[in-house]
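Fair warning: this is a prediction, and the values are worked out from it, not measured in the lab. The basis for the numbers below is simple: all heavy atoms, side chains too, and nothing from hydrogens, waters or symmetry mates.
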Amino acid sequence: MMFSFWIQTLWLSGVALLFGFQGFPVRSADLQRTTDNITIRQGDTAVIRCYVDDKVSKVAWLNRSNIIFAGQDKWSLDPRVDLVTKGQLEYSLRIQKVDVYDEGSYTCSIQTKQQPKTSQVYLIVQVPPNIYKVSEDVTVNEGSNLTLSCLATGRPDPAITWRLLNPSAEPLDGEEYLDIIGIMRNQAGRYECKASNDVATPDVKYVNVVVNYPPTIKKTQNSETPVGRMGTLQCEATAVPKPEFEWFRDEKRLSSTQAINIQTLGTTTILLIANVTEEDYGNYTCVASNRLGVQNSSLFLYRPGTGRDISGSSSVSQSPWLLLLLLLCCITHLLSKC
């Protein structure tokens, strides 16, 4: 180490004599710490201090043995680098818009009447977190395995955290890669990836996850209707993709006519019977389907006083003929979409 130090000092002194520069002397009180660290954020301005007095004859700045300044003569071609001088007292190096490649050791080399000295500073450049790659929005079937990725840069290395932005938004167990085994429908939503390293505001990106699942009929409404009045049967289902509905009376598929009106509003279907007759009383079947599956439920239109539960029924029809018919209808529907 001493040998390297003397070689560097003698080399600098020789260069100084060759070009005949007269530098500002450096005050020896600032040399008590031979090595120090300066931490600066990428893009900011770094000022590396060095002070002078009248006991020093020559001074220069070096970076990894490359001369930056020899006295007032600038040897570096970098336009971001200049000197900060206040009269004859300061000989500091200023670097604007600091970048990662500026990190390293900087030496203020001093020539005094007694002996050469150096003051060394190590510049540490911190970089704010930046997410440069994140998974695209994705659609998967319920029960599938899913891996979301979130890759980020920064110095120091950023910590990566995940959240599903449902009402609780609790942290998830994952870093650069978030593994979801057997995803369920309640795990659909907006996933937040956050990269943090305390250098600047965390970088945040989002991934939207859609989970497909077959229909589930969650609510039905029977109808207790007198003859001559309008009967209303209602069926609500959840599914992704959105379910399509069909109505059956026994094994016959129903469609809108003057007497019957079928309406579908989002995930709800309504069967309206304009003028109920004795022949209209009985069992009706609501069928909800999408490309992942089908489910059906029985509903009843009945005359007042028969004592049926008007809150609805979610029982699945057990008629083998109806189940076969529903399956054929579902297959025909799917083939028509291909």
Side-chain angles (χ1 to χ4, degrees), residues 136-144 146 166 182-190 208-225 230-276 279-302 308-338:
E136 296 181 353
D137 294 347
V138 62
T139 299
V140 295
N141 292 340
E142 188 173 43
S144 301
L146 176 65
N166 54 19
I183 193 168
M184 303 300 292
R185 64 191 68 179
N186 62 356
Q187 292 175 291
R190 196 181 192 203
N208 293 311
V209 176
V210 176
V211 178
N212 291 330
Y213 58 91
T216 299
I217 295 178
K218 65 177 185 178
K219 183 179 179 181
T220 59
Q221 181 67 54
N222 297 323
S223 181
E224 181 184 26
T225 307
M230 176 177 287
T232 303
L233 299 175
Q234 183 172 314
C235 177
E236 182 179 353
T238 61
V240 177
K242 185 174 68 174
E244 297 188 5
F245 293 98
E246 294 176 301
W247 285 94
F248 288 83
R249 173 75 190 276
D250 297 325
E251 285 81 22
K252 180 183 178 182
R253 183 175 180 273
L254 302 177
S255 58
S256 292
T257 63
Q258 289 185 345
I260 296 176
N261 184 15
I262 298 175
Q263 299 179 1
T264 299
L265 305 172
T267 59
T268 300
T269 182
I270 301 173
L271 176 65
L272 300 173
I273 302 172
N275 188 10
V276 172
E279 289 76 19
D280 293 322
Y281 291 128
N283 177 52
Y284 292 78
T285 301
C286 165
V287 179
S289 64
N290 65 10
R291 60 183 178 81
L292 297 179
V294 57
Q295 188 176 46
N296 62 285
S297 182
S298 293
L299 296 88
F300 295 93
L301 174 67
Y302 56 97
R308 290 192 178 274
D309 179 10
I310 63 171
S311 64
S313 169
S314 59
S315 62
V316 177
S317 172
Q318 299 299 318
S319 167
W321 170 249
L322 179 58
L323 290 176
L324 179 60
L325 182 61
L326 293 176
L327 180 59
L328 292 174
C329 288
C330 184
I331 292 173
T332 302
H333 173 73
L334 292 175
L335 290 175
S336 67
K337 287 186 172 291
C338 295

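Checking Leu272, Ile273, Asn261 one by one against Thr232, the side-chain contact (heavy atoms from CB on, under 4.5 Å) holds for a single residue, Leu272.
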I'd like to know whether Arg291 forms a side chain to side chain contact (heavy atoms under 4.5 Å, CB included) with Asn212, so could you lay out the CA-CA distance, the side-chain angles of the two residues, the decisive distance to 0.1 Å, and finally the verdict. CA-CA 9 Å; Arg291 60 183 178 81; Asn212 291 330; 2.8 Å; yes

Go through it in stages, so that I can follow the logic: the residues are Val294 and Asn296, the test is side chain to side chain contact (heavy atoms under 4.5 Å, CB included), and I'd like the CA-CA distance, side-chain angles, deciding distance and then a yes or no. CA-CA 7 Å; Val294 57; Asn296 62 285; 5.8 Å; no

For Cys286 and Thr220, run side chain to side chain contact (heavy atoms under 4.5 Å, CB included): C-alpha distance rounded to whole Å, both residues' side-chain angles, the deciding distance at 0.1 Å, then the answer. CA-CA 9 Å; Cys286 165; Thr220 59; 5.7 Å; no

Residue pair Val138, Leu146: steps toward the side chain to side chain contact (heavy atoms under 4.5 Å, CB included) verdict: CA-CA 9 Å; Val138 62; Leu146 176 65; 4.1 Å; yes

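When all heavy atoms are compared, the tightest approach of Pro243 to Ala237 is CG-O, 4.2 Å. Of all non-hydrogen atoms in Asp280 and Val276, the two that sit nearest each other are OD2-CA, 3.5 Å. When all heavy atoms of Ala188 and Val211 are compared, the pair lying nearest together is CB-CG2, 3.7 Å. Here the shortest heavy-atom pairing between Pro215 and Ala239 reads CA-CB, 3.5 Å.
Between atom CG of residue Asn166 and atom CZ of residue Arg190 there is a gap of 13.0 Å, rounded to the nearest 0.5 Å. Between atom CG of residue Leu292 and atom CD of residue Glu142 there is a gap of 9.0 Å, rounded to the nearest 0.5 Å. Atoms CD and CZ, from Glu224 and Phe300 in turn, are 14.0 Å apart once rounded to the nearest 0.5 Å. Atom OG of Ser298 is separated from atom CG of Asn222 by 9.5 Å, given to the nearest 0.5 angstrom. Going from atom CD of Gln234 over to atom NZ of Lys219 covers 6.0 Å, rounded to the nearest 0.5 Å. Here Leu271 contributes atom CG and Glu246 contributes atom CD; the two are 13.0 Å apart, rounded to the nearest 0.5 Å.
In this structure, the side-chain hydrogen bond (donor to acceptor under 3.5 Å, both in side chains) partners of Asn208, at least two apart in sequence or on a different chain, are Asp137. Listed by chain and residue number, nothing satisfies the side-chain hydrogen bond (donor to acceptor under 3.5 Å, both in side chains) test with Glu136 (two or more places apart in sequence, or in another chain). Partners of Arg249 by side-chain hydrogen bond (donor to acceptor under 3.5 Å, both in side chains), not counting sequence neighbours, listed by chain and number: Tyr284.
A donor-acceptor pair shorter than 3.5 Å cannot be found between the side chains of Trp247 and Thr285.
Although no hydrogens or angles enter the test, the distance criterion places a donor-acceptor pair under 3.5 Å between the side chain of Asn290 and the main chain of Pro241. Ser256 contributes a side-chain N or O that, together with a main-chain N or O of Ile262, makes up a donor-acceptor pair within less than 3.5 Å. Between the Thr238 side chain and the Ile217 main chain, no donor and acceptor come within less than 3.5 Å of each other. A donor-acceptor contact shorter than 3.5 Å is absent between the side chain of Tyr213 and the backbone of Gly143. Checked by atom type and distance alone, the side chain of Thr216 never pairs as donor or acceptor with a backbone atom of Lys218 at under 3.5 Å.
With contacts defined as side-chain heavy-atom distances shorter than 4.5 Å, the pair Phe248/Leu254 does not qualify.
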